[in-house]
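A quick note: this is a predicted structure, and the numbers were derived from the prediction, not measured.
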2 protein chains.
Amino acid sequence: MGHSKAEKDKSHRRIVKTAAARFRERGVDGIGLADLMKEADLTHGGFYGHFDSREELVAEAVECALRDGGEAVAAVASAKQPPAAVLRLLVDAYLSLAHRDGLATGCAVTSMANDVARSNARARSAYTKQVGIYLELLAKLIAADKRKSRRAKAIAALATLVGAVSMARAVNDEKLSRELLKSAADELKAQLG
Amino acid sequence: MGHSKAEKDKSHRRIVKTAAARFRERGVDGIGLADLMKEADLTHGGFYGHFDSREELVAEAVECALRDGGEAVAAVASAKQPPAAVLRLLVDAYLSLAHRDGLATGCAVTSMANDVARSNARARSAYTKQVGIYLELLAKLIAADKRKSRRAKAIAALATLVGAVSMARAVNDEKLSRELLKSAADELKAQLG
DNA sequence: ATTATCTATAGATCTATAGATAATGC
DNA sequence: ATTATCTATAGATCTATAGATAATGC
């Protein structure tokens, strides 16, 4: 206890990172502050030295979770390949079994959509911004003459990615779950290739 | 108090219906039993005369919410028009502002996806079944030679509908929200028409 | 007599706060 | 001396249960 300011920053980031993982996994209401602090190797009493309220942690955790997913997508997108090939890589990664099952580290645009819709302005703004980033990235990669058409196709493609992963996680029929991911991927690649 | 068995059934349905609305709106963890019972004009003590546990109510509420959405979709789908026109009606209804804003009565395949993924087997089975129903309906309406191709296109279309509404609800930029709905609808109608 | 619902409450858990403690940094 | 974290606890809320009450239905 009573460590340096640098230590406090590390603690702060540890709390936010833990929350970003657990909130994606169990939902924003699925875990309490005491358990989060414990997982961050702190006691619950210290929480309010880092945040004014639970809401503030939710906002920071949503920002962190969205950044996570954004970085994972950017990593795939940086592959030195033609746009169409990069697009295929992105679609396959997003609609992979690893992403479906890796809730804690996956894209928060899907896993936190419902929670964010009910959340505070800061969380919603972060979400809005990340959707904008994904749309710009996709629009650049999509083969189409007009910019307006690329934008519309990017929106439909992102919606397909988000919806397919949402449903693939909710159904309890493994065969159907895989079919949802596979067919959505095939259709997207056929449409945008 | 102490009414007939018929009255009890009515109370039961009132509780489930209330939960189906509030769970879609606020999430499964967003409202407690006491408030739900109060909204159903009952006191919280009576809850366990109707359900063995909260989980059981969640299962029944998910079933009820999915049925709701299914009936609304079936109503639109029963329009006496050619398949392509019915498909356009469905897409426009699902991606309407009314559906985006009508969480309490809207399609639970979108609004409860994340909650159901974390929920019990009964809730997940009901969700799985409803996804199956939507896919069969869409596959019938889609113009394509082969059955396998229609099925894959139905999956991509349903995913697009679910993802677009999810994101349109989460962003806090009204213009972007409307663009998401409009572009997804336009693309779907262009692809499937 | 049976039973659907009510009042009252137990026990757990949640957010938030107060004050103590043990490090850091002047 | 300052401060990051700890222990302890207040007060609200949550699920679940026990026993009382007031209807229904024989």
Side-chain angles (χ1 to χ4, degrees), chain A residues 1-62 115-116 118-123, chain B residues 1-62 115-116 118-123:
Chain A
M1 8 180 160
H3 302 338
S4 65
K5 194 156 197 169
E7 287 286 315
K8 187 178 186 183
D9 277 359
K10 279 180 71 176
S11 293
H12 189 98
R13 276 193 294 273
R14 223 163 51 239
I15 299 167
V16 173
K17 200 171 173 175
T18 303
R22 293 300 153 262
F23 287 169
R24 273 178 281 184
E25 223 171 52
R26 308 187 201 173
V28 161
D29 295 322
I31 184 164
L33 298 182
D35 285 343
L36 281 172
M37 292 296 278
K38 194 185 290 175
E39 196 181 325
D41 285 316
L42 294 163
T43 55
H44 62 280
F47 181 82
Y48 292 91
H50 290 277
F51 307 93
D52 283 345
S53 65
R54 190 186 204 279
E55 283 264 288
E56 197 172 297
L57 170 62
V58 171
E60 288 195 33
V62 167
D115 278 335
V116 166
R118 294 185 282 264
S119 197
N120 57 66
R122 188 171 159 198
Chain B
M1 7 179 161
H3 302 338
S4 66
K5 193 157 199 173
E7 287 286 315
K8 188 180 186 184
D9 277 359
K10 278 180 72 176
S11 292
H12 189 98
R13 277 193 293 272
R14 222 163 53 238
I15 299 167
V16 172
K17 201 171 173 176
T18 303
R22 292 302 153 259
F23 286 170
R24 272 179 282 185
E25 220 170 56
R26 307 188 201 172
V28 160
D29 296 323
I31 184 164
L33 299 182
D35 285 343
L36 280 172
M37 291 296 278
K38 194 186 290 174
E39 197 182 325
D41 286 315
L42 293 163
T43 54
H44 62 282
F47 181 82
Y48 292 91
H50 290 278
F51 307 94
D52 283 345
S53 65
R54 189 185 205 278
E55 283 263 289
E56 197 172 296
L57 170 63
V58 171
E60 288 194 33
V62 167
D115 277 337
V116 167
R118 293 185 283 264
S119 198
N120 57 67
R122 189 171 158 196

Self-check item: pair B/Met37-B/Ile15: side-chain heavy atoms closer than 4.5 Å
Solution: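 In contact.
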Self-check item: Non-hydrogen side-chain atoms of B/Val28 and B/Arg54 separated by less than 4.5 Å
Solution: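 Touching, per the 4.5 Å side-chain cut-off.
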Quiz prompt | Distance (rounded to the nearest 0.5 Å) between A/Arg22 CZ and A/Leu36 CG | solution =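 A/Arg22 CZ to A/Leu36 CG: 8.5 Å, rounded to 0.5 Å.
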Quiz prompt | A/Glu56 CD to A/Ser53 OG distance, which is reported to the nearest 0.5 Å | solution =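 Answer rounded to 0.5 Å: 5.5 Å.
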Quiz item: Checking all strands, does A/Gly49 fall into the base, sugar-phosphate, or nothing category for heavy-atom contacts under 4.0 angstrom?
Solution: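 No contact at all - A/Gly49 keeps every heavy atom at 4.0 Å or more from the nucleic acid.
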Self-check item: Sugar-phosphate only, base, or nothing, as touched by A/His44 at under 4.0 Å among non-hydrogen atoms
Solution: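 Touches a base.
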Quiz item: Which one, C/dT5, C/dC6, D/dC6, comes nearest to the side chain of B/Thr43?
Solution: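 Nearest nucleotide to the side chain: C/dC6.
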Quiz item: If you check every side-chain atom of B/Arg54, which of D/dA16, C/dA4, D/dA4 has the closest atom?
Solution: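 From the listed options, D/dA16 comes nearest.
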Quiz item: If you pin B/Asp35 and B/Ala6 to their nearest nucleotides in DNA chain D, which one's is more 5'?
Solution: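 First, find each residue's nearest nucleotide; the 5'-ward one identifies B/Asp35.
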Check the distance between [N]'s [atom2] and [X]'s [atom1] and give it to me in whole angstrom.
| X | N | atom1 | atom2 | result |
| --- | --- | --- | --- | --- |
| B/Arg14 | C/dT5 | CZ | P | 8 Å |
| A/Phe47 | D/dA4 | CZ | P | 16 Å |
| A/Leu33 | D/dT9 | CG | P | 20 Å |
| B/Leu57 | D/dA16 | CG | C1' | 14 Å |
| B/Ile15 | C/dC6 | CD1 | C1' | 13 Å |
| A/Glu7 | C/dG25 | CD | P | 9 Å |
| A/Lys8 | D/dA4 | NZ | P | 4 Å |
| B/Met37 | C/dC6 | CE | P | 7 Å |

Quiz item: Looking only at heavy atoms, which two atoms of B/Ala59 and B/Asn120 are closest? And how far apart?
Solution: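 Minimum heavy-atom separation between B/Ala59 and B/Asn120: CB-OD1, 3.7 Å.
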Exercise. State which residues pass side-chain contact (heavy atoms from CB on, under 4.5 Å) with B/Asp9; sequence neighbours excluded, sorted by chain then number.
Key: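 Applying side-chain contact (heavy atoms from CB on, under 4.5 Å) to B/Asp9 gives B/Arg13.
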Self-check item: Residue whose nearest DNA chain C nucleotide is more 5′ - B/Lys5 or B/Gly45
Solution: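 Residue closer to the 5' terminus by nearest nucleotide: B/Lys5.
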Practice problem: Can you tell me which stems involve DNA chain D, if a stem is defined as three or more consecutive Watson-Crick or G-U wobble pairs, both distances under 3.5 Å? | Solution: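 Stem segments, range with range: C:1-24 with D:1-24.
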Self-check item: ring pair (Phe, Tyr, Trp, His ring centres under 6.0 Å) pairs, two or more places apart, involving residues 6-36 of chain A
Solution: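 Sorted result for residues 6-36 of chain A: A/His12-A/His50, A/His12-A/Phe51.
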Compare side-chain N and O positions of [X] against OP1 and OP2 of [N] and report whether any pair is under 4.0 Å apart.
| X | N | value |
| --- | --- | --- |
| B/Ser11 | C/dT5 | yes |
| A/His50 | D/dT5 | yes |
| A/Tyr48 | C/dT17 | no |
| A/Ser4 | D/dT3 | no |

Quiz prompt | Pair B/Glu25-A/Arg118, side chain to side chain contact (heavy atoms under 4.5 Å, CB included): steps then yes or no | solution = CA-CA 8 Å; B/Glu25 220 170 56; A/Arg118 294 185 282 264; over 6 Å; no
